[in-house]
Amino acid sequence: MDGSKTPSVAPVLILLGPPGAGKGTQARMLEDSFGLVQLSTGDLLRAAVAAGTPAGKEAKAVMEAGELVSDEIVIDILRDRLAEPDTANGVILDGFPRTTVQAQALDALLAETGQKIDAAISLEVEDAEMVTRISGRYTCGSCGEGYHDTFKQPATAGTCDSCGSTQFKRRADDNAETVASRLKAYHANTAPLIAFYDQQGALARVNAMGDIDKIASDLGALVKTAVA
Ligand code: AP5
């Protein structure tokens, strides 16, 4: 990452990483620490599926197979979300871009408002760890706070730490077969973005194995420098 570059109008951070790397977990912690807004294309697509929109109907089967939704659909969804006023103070992109076409579209979108990427942060995790993380994942059905059967349990069993809800859910695509497809898609389409952002001088790497709070602290220090 080139720490000497001019900061953009509002911070734009990208969290890159395979399924289960902790992008969602860390993005939510960064939201709290830096007042940025997490934009997860996975969450936006799941909302479109639940709402039964035309894009959601097209995306449903693709997501259930663990493959990538078309660039056209995802870029449209992201463009609409970036236009909402709550993104004005800066965003953390979680799960976008995932292809070179999406990365180029993002650069073009940001250029329209005189913005650019402050940092693309690669969360680095071993493949075997991802399967363990994903198979134990569940989220609050009300606020979306993420948990894990072993690694991150609510302080009071059965009650969300963030909002007090007692309703939790698991994702339809968090099964062994789909995880294998998602990992394959990551290595084929998304991992090349690490070199893409390295060439732009925007890449930073964080070791995302180990304790969640330690990773958050390493990431926080890096983000502080990137958005200074
Ligand atoms: P998406 O929702 O983005 O899923 P993903 O990339 O597969 O990532 P995950 O949400 O599974 O993992 P994460 O890195 O956020 O990990 P988390 O923090 O939850 O995408 C789903 C689908 O939508 C895709 O397959 C595709 O079809 C489609 N899609 C989305 N975006 C797209 C795009 N741009 N283009 C095309 N298609 C797109 O952590 C996982 C678990 O581990 C949790 O339980 C957590 O508590 C735990 N955990 C986190 N950190 C640690 C740690 N350090 N130690 C132990 N446990 C940990």
Side-chain angles (χ1 to χ4, degrees), residues 14-31 38-49 55-56 58-79 81 92-103 105-106 121-140 144-154 160-161 168-175 177-191 193 206-219:
I14 295 171
L15 290 188
L16 284 172
K23 302 181 297 295
T25 302
Q26 296 296 335
R28 287 178 78 94
M29 294 169 91
L30 287 173
E31 276 195 315
Q38 172 198 18
L39 301 189
S40 156
T41 43
D43 287 347
L44 293 170
L45 286 165
R46 280 183 286 279
V49 170
E58 207 174 318
K60 187 171 187 289
V62 179
M63 294 173 76
E64 283 171 357
E67 291 164 7
L68 292 186
V69 175
S70 73
D71 288 331
E72 192 186 2
I73 286 181
V74 180
I75 291 165
D76 277 354
I77 283 184
L78 188 86
R79 182 189 293 112
R81 183 65 185 87
I92 308 157
L93 297 171
D94 158 11
F96 184 96
R98 254 173 159 101
T99 65
T100 306
V101 170
Q102 292 178 21
L106 176 63
I121 303 168
S122 169
L123 299 183
E124 315 230 311
V125 189
E126 293 156 15
D127 280 9
E129 170 82 1
M130 295 170 221
V131 179
T132 310
R133 288 188 189 179
I134 285 176
S135 55
R137 169 170 49 193
Y138 61 100
T139 54
C140 172
E145 183 66 31
Y147 295 98
H148 190 279
D149 291 328
T150 308
F151 304 128
K152 189 188 169 199
Q153 295 165 338
C160 176
D161 295 341
F168 295 89
K169 59 184 182 185
R170 290 183 192 262
R171 270 169 49 178
D173 61 346
D174 278 353
N175 57 72
E177 196 180 316
T178 309
V179 170
S181 301
R182 286 158 60 196
L183 265 177
K184 201 170 152 199
Y186 172 78
H187 288 298
N189 300 289
T190 310
L193 294 182
V206 166
N207 176 4
M209 296 290 290
D211 180 65
I212 292 175
D213 289 331
K214 164 75 170 69
I215 297 163
S217 163
D218 292 348
L219 195 53

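All ligand and atom numbering here is 1-based and tracks the order in the structure. In this chain, numbering begins with 1 at the start of the sequence shown.
- By the 4.0 Å heavy-atom criterion, Ala59 is excluded from the residues contacting ligand 1.
- Close contacts of ligand 1 with Gly24, meaning ligand atoms under 4.0 Å from a residue heavy atom, involve 13 (P), 15 (O), 18 (O).
- Under 4.0 Å is where a charged nitrogen must lie from a carboxylate oxygen, and between Arg170 and Asp149 at least one such pair does.
- Taking the ring-ring contact (aromatic ring centres under 6.0 Å, His included) definition, one finds that Tyr186 meets it with nothing, sequence neighbours left out.
- Protein heavy atom in closest approach to atom 23 (O) of ligand 1: Met63 CE, 3.3 Å.
- Looking at atom 41 (C) of ligand 1, its nearest protein heavy atom turns out to be Arg133 O, 3.5 Å.
- Heavy-atom separations between Gly17 and ligand 1 are all 4.0 Å or longer.
- Near Arg46, meaning under 4.0 Å from any of its heavy atoms, are these atoms of ligand 1: 2 (O), 21 (C).
- Residue Val69 holds the heavy atom nearest to atom 37 (N) of ligand 1 of all those in Val49, Val69, Leu44.
- Closest approach of Lys23 and Leu15 over heavy atoms only: O-CD1, 3.4 Å.
- Residue Ile215 has at least one heavy-atom neighbour below 4.0 Å for each of these atoms of ligand 1: 53 (N).
- Listed by atom number, the atoms of ligand 1 under 4.0 Å from Val74 heavy atoms are 33 (C), 34 (N), 35 (N), 36 (C).
- The shortest contact between atom 7 (O) of ligand 1 and any protein heavy atom is with Arg182 NH2, 2.8 Å.
- In terms of protein heavy-atom proximity, atom 5 (P) of ligand 1 is closest to Arg98 NH2, 3.3 Å.
- Here Asp71 contributes atom CG and Thr100 contributes atom OG1; the two are 9.0 Å apart, rounded to the nearest 0.5 Å.
- Residue Pro97 has no nitrogen or oxygen atom sitting less than 3.5 Å from a nitrogen or oxygen atom of ligand 1, judged on distance alone.
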Let me see the working for Met63 and Val49 under side chain to side chain contact (heavy atoms under 4.5 Å, CB included), right down to the final yes or no. CA-CA 10 Å; Met63 294 173 76; Val49 170; 4.2 Å; yes

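- At a 4.0 Å heavy-atom cut-off, ligand 1 does not touch Met209 at all.
- In summary, the atoms of ligand 1 found under 4.0 Å from a heavy atom of Pro18, numbered by their order in the structure, are 14 (O).
- Taking each heavy atom of Glu145 and Lys152 in turn, the nearest pair found is OE2-NZ, 2.7 Å.
- Put simply, part of Asp173 is less than 4.0 Å from ligand 1, judged by heavy atoms.
- Residue Phe96 has at least one heavy-atom neighbour below 4.0 Å for each of these atoms of ligand 1: 34 (N).
- Within ligand 1, counting atoms from 1 as listed, the ones closer than 4.0 Å to a heavy atom of Lys23 are 5 (P), 6 (O), 8 (O), 12 (O), 13 (P), 14 (O), 15 (O), 16 (O), 18 (O).
- Ranking the protein heavy atoms by distance from atom 47 (C) of ligand 1 puts His148 CD2, 4.0 Å first.
- Put simply, the side chain of Arg182 never gets that close to the backbone of Gly66: no donor and acceptor are under 3.5 Å apart.
- No N or O atom of Asp43 sits closer than 3.5 Å to an N or O atom of ligand 1.
- Under the rule for a side-chain contact (heavy atoms from CB on, under 4.5 Å), the partners of Arg79 that lie at least two apart in sequence or sit in another chain are Ile75, Asp76, Leu109.
- The single protein non-hydrogen atom nearest to atom 12 (O) of ligand 1 is Gly20 N, 2.9 Å, given as residue, atom name and distance.
- Although no hydrogens or angles enter the test, the distance criterion places no donor-acceptor pair under 3.5 Å between the side chain of Glu124 and the main chain of Asn207.
- Listed for the His148 side chain is a donor-acceptor partner under 3.5 Å among the backbone atoms of Arg133.
- When only non-hydrogen protein atoms are considered, atom 18 (O) of ligand 1 lies nearest to Thr25 OG1, 2.6 Å.
- Looking only at protein heavy atoms, the nearest one to atom 43 (C) of ligand 1 is Tyr147 O, 3.8 Å.
- In summary, the side chains of Ser70 and Glu72 do not present any donor paired with an acceptor at a separation below 3.5 Å, with no hydrogens or angles considered.
- Exactly one of Asn189, Thr190, Leu193 qualifies for a side-chain contact (heavy atoms from CB on, under 4.5 Å) with Thr99. That residue is Asn189.
- Of the possible polar contacts, one joining the Thr41 side chain to the Gly95 backbone as a donor-acceptor pair under 3.5 Å is found.
- Taking every heavy atom of Gln102 and a limit of under 4.0 angstrom, the matching atoms of ligand 1 come to 33 (C), 34 (N), 35 (N), 36 (C).
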